[in-house]
Amino acid sequence: MASYQLTLTRKQVVAEGTLAFYFEKPRDFSFKAGQCARLVLNDPPETDGEGNGRYLSLASAPDEPELMMATRIRSSAFKRVLSSLEPGATLTLKGPYGDFTLPDKAERSVVFLTGGIGITPVRSMLLQAIAEHQQRAMTLFYANRRPEDAAFLDELTQACASSSNCTLVATMTQAQQSSVPWQGEQGYVDQAMLARHLDDLKASLYYLDGPPELVAAMKQMLSQAGVADDQVRTEEFAGY
Ligand SMILES: Cc1cc2nc3c(=O)[nH]c(=O)nc-3n(C[C@H](O)[C@H](O)[C@H](O)COP(=O)(O)OP(=O)(O)OC[C@H]3O[C@@H](n4cnc5c(N)ncnc54)[C@H](O)[C@@H]3O)c2cc1C
């Protein structure tokens, strides 16, 4: 698999405990919205059992000028070193990998079900589809504990508001713990919530991603709602 040297240009807090890392895009690197890559530290001062790299989704859309990846900062050696890097630092990117991507034909409506850091590949797919004025209808159900935890929520809300094909349903499972007032949906995504926002639960392709427990729960919920397995695509963020 191809390997590229990346230069960090900036990093930004995009939610509580969550950093986005922006890189110059190597000239010969291309990817499809929704794919991931392995981001590897060059000569890190410490390492851990998982090694010097992690699979991270490419959260930027292919048409955006920079590459961007985002992650929850936890106490692993990889994340300690990654979060301490300053602009100008170089890293290695291997990839792209994966087929968690939208079908070429845009005729079928798509529903994204995700939560927390699972938003990363969805951000890429959704912004790319909007930028290309794709005709497919897209609905994003995006679950977080609190608005403070919801990376890219404002940006995606604005992007969806600018497109007649996109609906964003954000839901908070611990809204009462937030210092920000929340007017939207609350609680986990369930069949009743889907039915409030979708005309026909069985008509769409579903994209589920994020921590394995979340993906498993969503898959079970869709199966109980009568959605056929071949309408459901999943990507698990192993390691969460
Ligand atoms: C296709 C794919 C795409 C992915 N995309 C993304 C992405 O866009 N963004 C992203 O952040 N991650 C993504 N991941 C997950 C990512 O690869 C890492 O596994 C994840 O970020 C955890 O890395 P870590 O260094 O924090 O923990 P690791 O050191 O890798 O964790 C190893 C184990 O220790 C446990 N652990 C470690 N630290 C803690 C802690 N503080 N508290 C509790 N348990 C802990 C974990 O549960 C895990 O079982 C993706 C994974 C895959 C397979």
Side-chain angles (χ1 to χ4, degrees), residues 1-4 6 8 10-23 25 29 31-42 44-62 64 66-85 89 91-102 112-128 140 142-145 148-153 155-156 206-219 232-240:
M1 181 50 67
S3 174
Y4 303 84
L6 293 184
L8 180 68
R10 61 194 170 102
K11 48 190 181 178
Q12 189 183 347
V13 176
V14 289
E16 234 174 73
T18 308
L19 277 178
F21 297 86
Y22 294 83
F23 303 95
K25 195 189 281 183
F29 179 74
F31 68 102
K32 286 182 85 173
Q35 286 191 301
C36 70
R38 188 161 173 87
L39 186 65
V40 184
L41 301 167
N42 291 342
E46 58 172 329
T47 189
D48 57 32
E50 293 291 315
N52 293 338
R54 296 289 187 276
Y55 289 98
L56 296 175
S57 301
L58 294 154
S60 47
E64 288 184 290
E66 297 169 298
L67 280 186
M68 187 266 285
M69 286 170 253
T71 190
R72 298 286 199 221
I73 297 303
R74 305 195 303 183
S75 59
S76 65
F78 173 82
K79 293 198 176 167
R80 270 195 299 277
V81 176
L82 181 66
S83 52
S84 72
L85 295 179
L91 298 92
T92 301
L93 184 89
K94 293 181 179 173
Y97 300 108
D99 56 3
F100 191 64
T101 55
L102 292 173
F112 300 104
L113 298 182
T114 192
I117 197 63
I119 195 63
T120 46
V122 176
R123 179 191 182 277
S124 180
M125 286 188 269
L126 201 124
L127 293 188
Q128 186 68 19
L140 165 57
Y142 183 23
N144 282 274
R145 292 195 180 93
E148 295 92 316
D149 303 311
F152 310 117
L153 179 56
E155 178 188 27
L156 292 173
Y206 286 83
Y207 282 70
L208 282 49
D209 80 304
E213 302 77 39
L214 177 103
V215 172
M218 292 292 150
K219 212 171 163 183
V232 181
R233 310 192 64 179
T234 61
E235 178 144 280
E236 293 185 0
F237 283 14
Y240 276 115

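The basis for the numbers below is simple: all heavy atoms, side chains too, and nothing from hydrogens, waters or symmetry mates. Just follow the structure's listing: the first ligand is 1, and inside any ligand the first atom is 1.
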Contact partition for [X] relative to ligand 1, non-hydrogen atoms under 4.0 Å:
X: L56; value: both
X: A59; value: neither
X: T71; value: both

For this session: Work out whether the distance between some heavy atom of E236 and some atom of ligand 1 is less than 4.0 Å.
Result: yes

For this session: Check whether more than 12 heavy atoms from other residues, nucleotides or ligands sit under 6.0 Å from atom CZ of R38, and answer yes or no.
Result: yes

For [atom], the option (of [options]) bearing the nearest heavy atom:
atom: atom 4 (C) of ligand 1; options: Y55, F78, Y97, F100; result: Y55
atom: atom 3 (C) of ligand 1; options: S57, G210, A151; result: S57
atom: atom 29 (O) of ligand 1; options: K79, R54, Q35; result: R54
atom: atom 25 (O) of ligand 1; options: A37, P211, S76, A70; result: S76

Exercise. Can a salt bridge be assigned to the pair K25 and E64 using a cut-off of 4.0 Å between side-chain N and carboxylate O?
Worked result: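 E64 and K25: not salt-bridged.
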
Exercise. Salt bridge or not for R72 and D149, using N-O below 4.0 Å?
Worked result: no

For this session: Establish whether atom 34 (O) of ligand 1 and some protein heavy atom are separated by less than 4.0 angstrom.
Result: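 When distances to the protein are checked, atom 34 (O) of ligand 1 has no heavy atom within 4.0 Å.
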
